[in-house]
Amino acid sequence: MELDELERDALRELANVGLSRAATQLSELLNDHIEMTVPLVQVVPYDQVTQALQLDPHAMVAAVWQSFSGQSEGTSILMFPSEDSKNLVRALVGPSMLGAGEDDLRGIEHEAMMEIGNIIITSGMAVIADMLGQEVRMSLPGYMEGNLPDIMAQRSWDNAGREMQAIIMFTHLKAAQREIEGRMVMLMSVDSVQVLFDRLHKLLRSL
Amino acid sequence: MKRWKSGLFNTPLRIVIAVGVVVFSVEFLFMTLLHDVIMPLMSFTVSDRIWSIIDAVTLVVLVSPVLYFLVFIRMQRDFAELTQLFADLTDTLMVGVLLVDTDLRVHRWNQWLERKTGISSQQACGKLLTELFADLNSPRLLSAIELCIKHKSPQLISQTLNRYVLPIPLVSPMHDLKLMQQQVSVAPLTNSRGETLAAISINDVTESVAKSSALARLAMKMESQSNRDQLTGAYNRHFLWSWLTPQLKQSVRHSQALSCLMLDIDYFKRINDTYGHDVGDAVLRGFAEILHEQMRDSDILVRYGGEEFVVLLTHADAAVALEIANRILDRVRKTAIAPLEAGDVRCSIGVSSWTPEEPCSAEELLKEADRCLYHAKHNGRDQVVIDRESSHSLR
């Protein structure tokens, strides 16, 4: 199951539209000009996800995830390098964190990252749900931290042994004079991805 | 619904009896009608075999709607009970629960909210959220409700990024907080007609916010009140002034001299840049240790700035001070501060003295030592410079 260049471009454009909506929401929430772009979208089989993410397997990653159900089931995971996400949160909510202890700080970072991730994942998944023409129900977000293998192993993201595919959106976030490279991974069944591709074909042919 | 609880149908046995009575009376009437009225009227006869088939069919036809009706009633009662139970359940929760639609119209308002806002469920239901809170100013809440209903994705609204979600005044303001601090989640709920409502749950986190800000204030206060520099264990500037002023008064009273050494590590920035901050910190600690070794118990060591230290020597005139300063200079040259070798770390020292004959203020004493330190730096570092008046007294 492969996408040709035109289709990949189309999917990337849709993702860009979706995440720019998230950026607008975040700008409002964080009182800062925030830009989000998706320079690359990839679709790979589940067992190739870790490789395709192009992240240092030893580096710490902060991940926010929301699982989804409905006609399509799976999980969306948003990942940022831990250090970057910490610095971002510190830059954005800095003044209110003055004098907070190390534990408080961690709590504040988790909470803030969870909300930011929640908004980004919602917008990203809205694009996918629109493409699928299906209603997708999302769970409440969760947060975890670890290196990439840990994160992929910590929970069985694969859905009851069904064959899974991953849509990977490489995200580029600009905020508080910083640039952060993140990854949004949507794990879903091969069938769902097939439906998505069919719709994409149709969409492109209708143009 | 109460009617059913104590009425005719509250036990299975009674239901069976009732069904039986109804079925047989209806069938009896029907059969009598058919046999005695309709058939003679139509002068029509059938065999017994046909009669028994008619009997069975009639029974089924009559019984099934009755059974269906009974099951329906039963289900409706269970459902109503369940609905009431869930409504009661939301009232038992220690969180605020409300349901709103896309227009922000309130569909449910639990007891917790009634208590905290003073708005009753009756007043709230059917009203718009914006009508209930004229000062509602949380774009995030509005967009979260929209995202939640439109994309069926629950939204977290954290206290960290959002100060107030629903403006609920506190009955008793805590510290500087006048409005309830909240942690809110918005989740989609779809009803049988396919309409999606947003279920908003509100956690009151005012107490923990107040606690942590109180702790933060306390930590900052303690930090500013502490006398010591954490890295070197030397006293800080804050302590220097609180110590020097009364000490000078005592010197006046007892006519005792007091001297000040101002020391600066030569090329400290270069050490930091070359070896990194960890080595820089080790050098600072090692340097402070050397100074401590050369001091008496009544003297104090102060970290004055980044790599700048002040040593205040009690009962020490310029001659004693100069001797100690030279000893320090020598020790610093000869001591290896890991990972640097002996001689890698050098320092410059300015010396000033207060004597009963040449009194000055605390500020002047430090300024003079600073001026001497500047000269020592200017003359090529790694040396001691003493102020002119003190040097006169040496002769």
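This structure is a prediction, so every number in the text was calculated from the model and none was measured.
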Exercise for the section: Show your working on side-chain contact (heavy atoms from CB on, under 4.5 Å) between Gln25(A) and Leu147(B) and close with a plain yes or no. Expected result: CA-CA 10 Å; Gln25(A) 304 256 358; Leu147(B) 284 177; 4.1 Å; yes
Exercise for the section: State which residue, out of Ile116(A), Leu140(A), Ile119(A), Val64(A), fulfils the side chain to side chain contact (heavy atoms under 4.5 Å, CB included) condition with Leu156(B). Expected result: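 Running side chain to side chain contact (heavy atoms under 4.5 Å, CB included) over Ile116(A), Leu140(A), Ile119(A), Val64(A) with Leu156(B) returns exactly one hit, Leu140(A).
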Quick check for you: to the nearest 0.5 Å, what is the distance between [X] atom [atom1] and [Y] atom [atom2]?
X	Y	atom1	atom2	result
Ile121(A)	Gln155(B)	CD1	CD	10.0 Å
Ile157(B)	Glu115(A)	CD1	CD	6.5 Å
Leu26(A)	Leu161(B)	CG	CG	9.0 Å

Practice task
Output yes when Arg140(B) and Glu28(A) qualify as a salt bridge under the 4.0 Å nitrogen-oxygen rule, no when they do not.
Solution key: no
Problem - Flag, side chain of Glu111(A) to backbone of Ser158(B), donor-acceptor distance under 3.5 Å - result: no
Fill in the blank from the handout: When the 4.5 angstrom heavy-atom criterion is applied to Ala112(A) and chain B, the contacting part is both
Fill in the blank from the handout: Under 4.5 Å to a heavy atom of chain B? For Ser123(A) that would be neither
Practice task
Identify which part of Thr190(B) has an atom lying under 4.5 Å from any heavy atom of chain A, answering side chain, backbone, both or neither.
Solution key: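 Backbone plus side chain of Thr190(B), per the 4.5 Å heavy-atom cut-off to chain A.
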Problem - Engaged part of Gln159(B) at the chain A interface, taking heavy atoms whose separation is under 4.5 Å - result: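 Contact with chain A: backbone and side chain both.
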Problem - Sub-4.5 Å side-chain heavy-atom contact between Glu135(A) and Lys152(B) - result: yes
Exercise for the section: Say whether Arg137(A) and Ser153(B), considering side chains only, have a donor N or O and an acceptor N or O under 3.5 Å apart. Expected result: no
